[in-house]
**Q** 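Below are the structure tokens for one structure; questions will follow.
Chain letters run A, B, ... following the sequence lines, proteins first, then strands; residues in each count from 1.
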Amino acid sequence: MTAALQSPPRTEPAAKAPSRRKRPRTHPLRTVSPVSRAFVLAVMTLFAVYFLLPVWWLVVSATKGGGEVFSGNGFWFGEDFALVENVQTLFQAQGGIYARWLLNSLLYAVGGGIVSTILASMCGYALAKFSFPGREAVFGTVLAAVLLPAPVLAIPLYLVFSFTGTINTFWAVFIPSIVSPFGVYLSRIYAASSIPDALLEAGRMDGAGELRIFAMGVRLMAPAMVTIFLFQFVAIWTNFLLPSLMLADTSLQPVTVGLVGWRELQGYPIGYSTVVTGALVSVVPVVAMFLSLQSFWSKGLATGAVK
Amino acid sequence: MTRQRPSRLRELRRAAPFVLPFLLLFVVVYLVPTGYSVVQSFFAVKRSGLGLGGAETVFAGLGNYLRVFQDGDFIASLGRVGFIGVIQVPVMLGIALFLALLLDSSVPKGRKFFRIAYFVPYGLPGVIAALVWSFLYAPTLSPIAGFFASIGVDASFVTDGALPFSIANILTWAWTGYNTILIFAALQAIPEETMEAAALDGCSGWKAALLIKVPLVRPALLLTLVFSIIGTSQLYNEPVTMKSVAPNLPSTYTPIMAAVRSLSANDFNYAAAQSVVLGALICVLSVLVFRASARSVTR
């Protein structure tokens with residue numbers, strides 16, 4: 001912009017003539033030499049390899065037999081394809097505790113995701129649509145909490161929960177999971193722009209209760225809610241510090257804490273290929289969630305970045 | 001005034017059922033623990049005799065805070081995290097901006113593939129990513145070290161000197177794509193007409209990217225910068241997971257690890273003081289970043 005304003009008029013005659021002819025046919029930015037095109041593609045491919053290689057290693061290693069994981073080419077399949085046996089070993093190890101960890105993670109992440117999404121969108125809706133006293137104070141406090149990192153909060157939470165004797169229970173991990181300040185922030189922005197005031201007025205004229213009106217508004221907020229759910233799901237599934245602090249009982253632990261515990265055993269009695277297979281299997285629900293809700297999170301990311 | 005007041009009250013009555021459930025839990029999960037930690041940080045447990053007698057809680061004033069600032073391990077952990085942040089955050093955001101500009105340019109084919117490829121690490125839970133890298137770094141097991149050994153280079157990722165860079169690499173690997181997508185989304189929001197106008201003025205390609213696009217996505221860059229600083233200051237998963245391949249990694253490697261160690265030593269009041277100091281430092285840092293950038297925008 002500044003360049004446009006500062007450029008002296010003398011460049012105009014020269015610049016204008018060719019561009020006026022060009023513009024209708026090809027966009028000026030799309031005329032790129034093949035050399036720079038190839039260079040850009042090479043750079044982008046190089047980074048794609050960097051980002052994908054460790055994941056590729058994980059997939060390949062989970063298919064290898066116990067003796068083969070760390071011999072031969074780490075980034076290619078081994079002699080025999082042992083994925084099925086590895087998965088069997090994984091689910092049989094230590095009395096099948098891995099299945100329990102997966103179930104725990106699902107309970108924390110799906111349950112926490114659903115409850116936090118409902119609570120956050122209700123709050124965000126009210127902050128967007130009702131001008132009640134103290135509204136900005138509530139929003140400001142919630143916004144400040146978005147910046148307070150969860151790990152820093154984990155230690156205070158541990159202190160409070162150990163004071164109230166909630167430590168080492170399901171609730172010690174579940175209760176913190178159902179509060180999403182980011183969700184409130186996102187749903188307020190989204191509700192403000194997507195739910196027309198006319199909807200509320202019309203609902204009230206027809207004598208509908210506030211909850212009925214909200215139920216109608218929720219349909220318009222659905223994309224934001226899916227985004228909040230996804231982010232919260234991933235945040236809970238990924239969480240490590242809070243559950244590892246709160247839960248000493250291995251049967252309550254989520255899969256992340258369980259796996260790191262296995263890793264620390266240094267390959268015995270739980271083999272390395274079992275840990276690697278466990279890591280791969282633990283990623284599947286997150287990937288499935290991303291794939292099934294793809295159109296929502298990409299939009300949600302855009303809203304978060306622009307606003 | 002006389003007409004407004006009842007309407008504001010009515011709005012409050014309408015809003016309350018929607019706001020209160022969240023607010024109540026917010027108080028329980030955010031405000032109470034924060035307040036409780038601040039209070040706890042001013043107390044200390046005095047054990048009489050050899051710790052066999054009873055313990056009593058006494059007011060310690062700023063004692064715990066003095067201890068925090070004299071604690072060599074804690075100061076060292078702040079230094080390590082500061083060092084990792086200073087090298088890792090600029091590198092990561094530089095790459096993210098670069099990749100976002102490439103994605104946004106009209107050059108690449110298969111834009112969708114690259115976008116997903118860059119985003120894949122974000123789908124891997126942080127601690128699982130650290131777990132994978134712990135195998136890739138492990139001195140005796142690593143396929144990468146194995147490759148280097150085969151060409152005669154002795155590569156180790158877990159020496160004291162290499163550790164900060166190994167950890168920084170995990171962070172960069174995990175978060176660059178996420179930041180790329182955020183910046184890319186902001187780039188996509190730039191109106192087509194802006195870039196066309198720039199091109200008519202003879203500004204296109206890299207010049208347009210640096211002079212027009214980058215300033216326009218400054219809000220998104222700022223967001224990624226603040227989140228990255230916050231992210232680095234709470235470093236925990238990666239070093240803890242790395243301990244399985246690096247026994248030389250101290251259990252007070254990062255401030256959060258130091259606070260967790262105080263917890264496990266039942267030194268609750270001190271852990272509270274440590275987390276209060278850390279939280280305050282992070283708040284100050286993010287406020288500073290916001291203010292610095294606000295100034296540069298208005299200038």
**Q** B:Tyr122 vs A:Phe231 aromatic rings, parallel, tilted or perpendicular, using cut-offs 30° and 60°?
**A**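 The rings of B:Tyr122 and A:Phe231 sit tilted, inter-plane angle from 30° to 60°.
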**Q** Output the option from B:Val19, B:Leu263, B:Leu124 having the highest count of non-hydrogen pairs under 4.5 Å with chain A.
**A** B:Leu263
**Q** Only pairs of heavy atoms separated by less than 4.5 Å count here; which of B:Leu31, B:Leu278, B:Thr241, B:Leu136 has the most with chain A?
**A**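 Of B:Leu31, B:Leu278, B:Thr241, B:Leu136, B:Leu136 has the most heavy-atom pairs under 4.5 Å with chain A.
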**Q** Go through the atoms of B:Val120 and report whether side chain, backbone, both or neither lie under 4.5 Å from a heavy atom of chain A.
**A** side chain
**Q** Given heavy-atom pairs under 4.5 angstrom as the criterion, report whether the side chain, backbone, both or neither of A:Leu159 touches chain B.
**A** both
**Q** Which is it for A:Val43 and B:Phe98 under the side chain to side chain contact (heavy atoms under 4.5 Å, CB included) test, yes or no, and what are the steps along the way?
**A** CA-CA 10 Å; A:Val43 171; B:Phe98 178 66; 3.5 Å; yes
**Q** Less than 4.5 Å to any heavy atom of chain B: does that hold for the side chain of A:Ser116, its backbone, both, or neither?
**A** neither
**Q** May I ask you to decide if A:Leu157's main-chain N or O and B:Tyr36's side chain share a donor-acceptor pair within less than 3.5 Å?
**A** no
**Q** Measure A:Thr45 against the heavy atoms of chain B and call it side chain, backbone, both or neither at under 4.5 Å.
**A**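 Both parts, heavy atoms under 4.5 Å.
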**Q** Let me know if B:Ser262 has heavy atoms under 4.5 Å from chain A in its side chain, its backbone, both or neither.
**A** neither
**Q** Flag the one option from B:Val276, B:Leu102, B:Val240, B:Val32 with the top tally of heavy-atom pairs under 4.5 Å to chain A.
**A**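 Highest number of heavy-atom pairs under 4.5 Å: B:Leu102.
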**Q** Do you know which of B:Leu235, B:Thr34, B:Asn237 has the most heavy-atom pairs under 4.5 Å to chain A?
**A**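 The candidate making the most pairs under 4.5 Å is B:Asn237.
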**Q** Heavy-atom distances under 4.5 Å only: say whether A:Glu210 touches chain B with side chain, backbone, both or neither.
**A** both
**Q** Sub-3.5 Å donor-acceptor pair from the side chain of B:Glu11 to the main-chain atoms of A:Phe130, do we have one?
**A** no
**Q** Non-hydrogen atoms of chain A under 4.5 Å away: do they reach the side chain of B:Asn179, the backbone, both or neither?
**A**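 Nothing of B:Asn179, per the 4.5 Å heavy-atom cut-off to chain A.
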**Q** Of the backbone (N, CA, C, O) and the side chain (C-beta and beyond), which part of B:Pro255 lies under 4.5 Å from a heavy atom of chain A, both, or neither?
**A** neither
**Q** Just so I understand: if I count every heavy-atom pair under 4.5 Å between each of A:Pro181, A:Ala120, A:Ala279 and chain B, which residue has the most?
**A**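 Option with the top pair count is A:Pro181.
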**Q** For B:Ile128 and A:Leu259: C-alpha separation, side-chain torsions, deciding distance, then whether side chain to side chain contact (heavy atoms under 4.5 Å, CB included) applies.
**A** CA-CA 8 Å; B:Ile128 302 299; A:Leu259 273 175; 3.6 Å; yes
**Q** Looking at residues at least two apart in the chain, or sitting in another chain, which of them share a salt bridge (Lys or Arg N to Asp or Glu O under 4.0 Å) with A:Arg135?
**A**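 Here no residue qualifies.
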**Q** Answer yes or no: is there a side-chain heavy-atom contact under 4.5 Å between B:Phe18 and A:Leu211?
**A** yes
**Q** So B:Phe119 and A:Phe290, would you call those rings parallel, tilted or perpendicular, with 30° and 60° as cut-offs?
**A**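 It falls in the perpendicular class, over 60°.
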**Q** First locate atom OG of B:Ser105, then atom CE of A:Met44, and finally report the distance between them rounded to the nearest 0.5 Å.
**A** 7.0 Å
**Q** Measuring heavy-atom distances to chain A, does B:Tyr30 have an atom under 4.5 Å in its side chain, in its backbone, in both, or in neither?
**A** both
**Q** Starting at CG of B:Leu131, measure out to CH2 of A:Trp262 and round the result to the nearest 0.5 Å.
**A** 11.5 Å
**Q** Within the distance-only criterion (no hydrogens, no angle test), does the side chain of B:Trp173 pair as donor or acceptor with the backbone N or O of A:Tyr50 below 3.5 angstrom?
**A**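 Yes, the answer is positive, given that a donor and an acceptor are paired below the 3.5 Å cut-off.
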**Q** Does some side-chain heavy atom of B:Val127 sit less than 4.5 Å from a side-chain heavy atom of A:Thr238?
**A**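 A side-chain contact is absent here, since even the closest heavy-atom pair is not under 4.5 Å.
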**Q** At a heavy-atom separation under 4.5 Å, does B:Thr172 approach chain A through its side chain, its backbone, both, or neither?
**A**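 For B:Thr172, heavy atoms of backbone and side chain both lie under 4.5 Å from chain A.
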**Q** Counting only heavy atoms closer than 4.5 Å, note whether B:Phe268 contacts chain A via side chain, backbone, both or neither.
**A** both
**Q** Do A:Val142 and B:Phe22 come close enough that some side-chain heavy atom pair is under 4.5 Å?
**A**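 Yes, at least one pair of side-chain atoms sits under 4.5 Å.
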**Q** Let's test your reading of the structure: which of A:Val152, A:Val179, A:Ile175, A:Val276 forms the most heavy-atom pairs below 4.5 Å with chain B?
**A**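 Counting heavy-atom pairs under 4.5 Å, the top option is A:Val179.
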**Q** Would you say the side-chain atoms of A:Glu264 pair up with the backbone N or O of B:Ser244, donor to acceptor, closer than 3.5 Å?
**A**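 Between the backbone of B:Ser244 and the side chain of A:Glu264 there is no qualifying donor-acceptor contact (under 3.5 Å).
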**Q** Working note: A:Tyr158 + B:Val260, criterion side chain to side chain contact (heavy atoms under 4.5 Å, CB included); need CA distance, chi angles, decisive distance, verdict.
**A** CA-CA 10 Å; A:Tyr158 177 86; B:Val260 168; over 6 Å; no
**Q** Tell me which of these, A:Leu119, A:Leu241, A:Leu280, has more heavy-atom pairs under 4.5 Å with chain B than the rest.
**A**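 Counting heavy-atom pairs under 4.5 Å, the top option is A:Leu241.
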**Q** Who pairs with A:Arg263 by salt bridge (Lys or Arg N to Asp or Glu O under 4.0 Å), at least two apart in sequence or on another chain?
**A**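 Residues passing salt bridge (Lys or Arg N to Asp or Glu O under 4.0 Å) with A:Arg263: none at all.
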**Q** Which atoms of B:Leu23 are under 4.5 Å from chain A, going by heavy atoms: the side chain, the backbone, both sets, or neither?
**A** side chain
**Q** Output, in order, the C-alpha distance, side-chain angles, deciding distance and verdict of ring pair (Phe, Tyr, Trp, His ring centres under 6.0 Å) for A:Phe47 and B:Tyr118.
**A** CA-CA 8 Å; A:Phe47 276 101; B:Tyr118 297 166; 7.0 Å; no
**Q** In terms of heavy-atom pairs under 4.5 Å, which option from B:Pro125, B:Pro21, B:Cys283 contacts chain A the most?
**A**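 Winner by heavy-atom pair count: B:Pro125.
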**Q** Give, for atom CZ of B:Arg14 and atom CZ of A:Phe214, the distance between the pair rounded to the nearest 0.5 Å.
**A** 15.5 Å
**Q** Which one wins on heavy-atom pair count under 4.5 Å against chain B: A:Val257, A:Val40, A:Thr256, A:Val286?
**A**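 Looking at each option in turn, the highest pair count goes to A:Val40.
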**Q** Just give me the residue among A:Ala145, A:Pro133, A:Ala126, A:Pro176 that pairs up with chain B most often, heavy atom to heavy atom, under 4.5 Å.
**A** A:Pro133
**Q** State the CZ-CD distance between A:Phe163 and B:Gln40, to the nearest 0.5 angstrom.
**A**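 Rounded to the nearest 0.5 Å, the CZ-CD separation comes to 8.0 Å.
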**Q** Can you tell which part of B:Val226 gets under 4.5 Å to a heavy atom of chain A, answering side chain, backbone, both or neither?
**A** side chain
**Q** Aromatic ring centroids of A:Tyr272 and B:Phe135 under 6.0 Å?
**A** yes
**Q** Using side-chain heavy atoms (C-beta onward) and a distance below 4.5 Å, is A:Val138 in contact with B:Phe26?
**A** no
**Q** Under a 4.5 Å heavy-atom cutoff, which of A:Val255, A:Val234, A:Val184, A:Leu265 has the most pairs with chain B?
**A**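 Highest number of heavy-atom pairs under 4.5 Å: A:Val184.
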**Q** Sort out for me which of B:Ile95, B:Val245, B:Val38 touches chain A most, counting heavy-atom pairs under 4.5 Å.
**A**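 Winner by heavy-atom pair count: B:Ile95.
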